[in-house]
Amino acid sequence: MKSWEGQNKMVRVRFAPSPTGYLHIGGARTALFNWLFARHNKGVFILRIEDTDILRTDESSLESILEDLKWLGLDWDEGPNTEGNFGPYFQSQRQEIYPKYIKILFEKGYAYYCYCTPFELEQRRNLALSEHKTPGYDGRCRNLGSEEKKKYEAEGRRPAVRFKIPDEGKTEFRDLIRGEVVFDNKLLDDFVILKSGVSAVNSGRGGLPTYNFANVIDDALMEITHVIRGDEHISNTPRQILLYRALGFKEPVYVHIPLILGKDGSPLSKRHGTVSVGWYREQGFLPEALVNYLVLLGWAPDGIRQILRVEDMIKEFIIERVSKNPAIFDIDKLTWINSEYLKNMDPDKKTDLVIEYLVSSGAICSAPMSDVISDSVSEASELHRGAEKDKIKEIVNIIGDRLKIISDIETYGSFFFTDEIKYDETELSSKLSDEKVRKGLAVLKEKFASIMFDHQNIEQTVRDVARELGLKAKDIIHPLRYVLTGKTVGPSLFESIALLGREKTIARLKIGTDTIF
RNA sequence: GGCCCCAUGGUCUAGCGGUUAGGACAUCGCCCUUUCAAGGCGGUAGUAGGGGUUCAACUCCCCUUGGGGCCGCCA
């Protein structure tokens, strides 16, 4: 038995991002599937950072990836900042591990030095491509004599190490969602397992293992039982399996999940708009909604239920049921799912999220100014803040289900947080073109000064004024909304006015109507 | 160019030889209504094409077409 399959061994899976950018939507789903598989099987979810290419890694992306994973609720059992017996979990800290296995491969005759320069290889590849031939490495350094080696060394060439692929035979593996996949070894070329660091461009990379090599060593040493990763790695799999076999390691079970595509059917990337998890967080998408949407991209427990709690996902996640076909990312459905979560969210929590959003967007201050003056007033500030929160809670309440993502607060509630209402001149004058409407607004401005300012009275007053002028209620409601909020859409007008308050309402009626006259 | 993967409405999917091909998003219409949402009701829309196998194919096999991936001293 060469693989972990059927061995009743503790499931161990890993997500292995390279810290060269932000967490991508596709990466997030790969992480999610790994995490769900681990949790479903009561196994271990490992986070390993593949930072071998030091030229391309940066600290800030590592932090944001960790932050995004945590935000999504994908906690890891082993990895950065977490105990584990299979560390270190940064590839850059595992460099002393790899030479040993390179040596073993040499001893077993599976490895050899290659003196071809990147430039030469590039030229040959381009030539092959132009002749419509397979561009792979031709194996010319496989059997170099010591004379030739000396000659190359004398030229100052630093060799890379390549893995020798068997000339004959086929390499097959079973993929949990695709079944048997077979590759003819003849079609595989000898790939580099240890970089040479020969040129200036590559300085700093010398002697480092390549992805295909380090990945296998790390997975084997970390006793990864199931490799769950993107579709794009299928072609790499036979090479990796051959490495496992050459080294006598137990092979993992493979699961290649389909890619997430953009609207045009090409793999989701920056040019399709925003693909970083961080962006969705900033826009006010909820982590549970994003997770819910992502899991539906390729997996459905029954094809009926759309809203799934994480506990249910864990309970029902059968990885063999993951779809084979790629899925197109659809932000409309994500938005719908988000709105479903928002509809059922506790008002206090929703309000907190809105406040958080408003603060980060600069629409409101995080705390009253008095806060910074002295401790003695901070108690009063707390009260003030509590009052602010109650107010915002009411605003959130009247906006209701219109809030599909938190940032929708801007389209529906911005007029509560600023006095600088921007009017479109054309819109405004068309709204106020009717003499009776202008008259009505003027009357309302007077009446609002003296009525009891709650939404029932406000509504009554507006309707009365409209009737007295021989207008339909909506003929005055729409202009009134526009003058007060600068928008043609929004929550219930009368409740909005009540929340806006008498003073601001009257002031805006004055400014709004003055603008046109 | 070679090899590999994939194929149910615009999108995500259910289906696992016999179904009026189900659900959801989006879309359209109507109702509700102060706008926009929400909600209710209803509608449009799908098995890529061609061959087999079978009493019977969305379902199994082959080919074609289409889409994607890999063929890096990137991961």
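Below, read A as the first sequence line, B as the second, and so on, with proteins coming before strands; counting in each chain starts at 1.
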Integer angstrom distance from the [atom1] of [N] to that of [M]:
N	M	atom1	result
rU19(B)	rU65(B)	P	32 Å
rG50(B)	rU13(B)	C1'	27 Å
rG9(B)	rG72(B)	P	35 Å
rC36(B)	rC30(B)	P	13 Å
rG46(B)	rU20(B)	C1'	15 Å
rG23(B)	rU44(B)	P	13 Å
rG22(B)	rG15(B)	P	15 Å
rA26(B)	rG69(B)	C1'	29 Å

Remember a base hit wins even if backbone is also touched, and classify [X] as base, sugar-phosphate or nothing at under 4.0 Å, heavy atoms.
X	result
Arg321(A)	sugar-phosphate
Gly136(A)	sugar-phosphate
Gly298(A)	sugar-phosphate
Glu232(A)	sugar-phosphate
Leu121(A)	base
Lys343(A)	sugar-phosphate
Leu187(A)	sugar-phosphate
Asp175(A)	nothing
Ala160(A)	base

Consider only side-chain N and O atoms of Arg229(A) and Thr237(A), and report whether a donor and an acceptor are under 3.5 Å apart. yes
Among side-chain atoms of Asp218(A) and Tyr98(A), is any donor-acceptor pair under 3.5 angstrom? yes
Parallel under 30°, tilted from 30 to 60°, perpendicular over 60°: which one fits the rings of Phe317(A) and Trp299(A)? tilted
Protein-nucleotides 26-32 of chain B N/O pairs under 3.5 Å:
none

With both distances under 3.5 angstrom, what nucleotide forms a Watson-Crick or G-U wobble pair with [N]?
N	value
rA21(B)	none
rG9(B)	none
rG46(B)	none
rG72(B)	none
rC60(B)	rG52(B)
rC41(B)	rG29(B)

Taking 4.0 Å as the cut-off, does a side-chain nitrogen or oxygen of Lys263(A) come that near to OP1 or OP2 on rG10(B)? no
Less than 4.0 angstrom between a side-chain N/O of Arg463(A) and OP1 or OP2 of rU34(B), yes or no? yes
[X], nearest nucleotide to its side chain (from [options]):
X	options	answer
His233(A)	rA75(B), rC70(B), rU13(B)	rA75(B)
Pro267(A)	rG69(B), rC12(B), rG39(B)	rG69(B)
Pro135(A)	rA24(B), rG1(B), rC12(B)	rG1(B)
Arg162(A)	rC71(B), rU13(B), rC73(B)	rC73(B)
Arg125(A)	rA75(B), rG1(B), rG72(B)	rG72(B)
Thr210(A)	rA75(B), rG15(B), rG22(B)	rA75(B)
Glu50(A)	rG1(B), rA75(B), rC36(B)	rA75(B)

Between [Y] and [X], does any NZ, NE, NH1 or NH2 come within less than 4.0 Å of an OD or OE carboxylate oxygen?
X	Y	value
Lys333(A)	Glu340(A)	no
Lys343(A)	Asp401(A)	no
Asp138(A)	Arg140(A)	yes
Lys186(A)	Asp167(A)	no
Asp219(A)	Arg48(A)	yes
Arg142(A)	Asp190(A)	yes
Glu96(A)	Arg94(A)	no

d([atom1], [X]; [atom2], [N]) in whole Å:
X	N	atom1	atom2	result
Asp51(A)	rC74(B)	CG	P	15 Å
Leu403(A)	rA38(B)	CG	P	13 Å
Gln306(A)	rA24(B)	CD	P	8 Å
Asn397(A)	rA38(B)	CG	P	17 Å
Arg124(A)	rC71(B)	CZ	P	18 Å
Asn236(A)	rG68(B)	CG	P	19 Å
Asp401(A)	rC36(B)	CG	P	16 Å
Phe494(A)	rU33(B)	CZ	P	14 Å

Which atoms of nucleotides 4-7 of chain B (N or O only) lie under 3.5 Å from a protein N or O atom, and what are those distances?
unit_1	atom_1	unit_2	atom_2	d
rC5(B)	O2'	Arg178(A)	NH1	2.7

Report the residue from Thr505(A), Ile392(A), Ile398(A) that forms a side-chain contact (heavy atoms from CB on, under 4.5 Å) with Leu499(A). Ile398(A)
Centroid-to-centroid, [X] to [Y], below 6.0 Å?
X	Y	value
Phe106(A)	Tyr112(A)	no
Tyr137(A)	Phe191(A)	no
Tyr293(A)	Phe329(A)	yes

Is any side-chain N or O of Ser492(A) under 3.5 Å from a base N or O of rU35(B), one able to act as donor and the other as acceptor? no
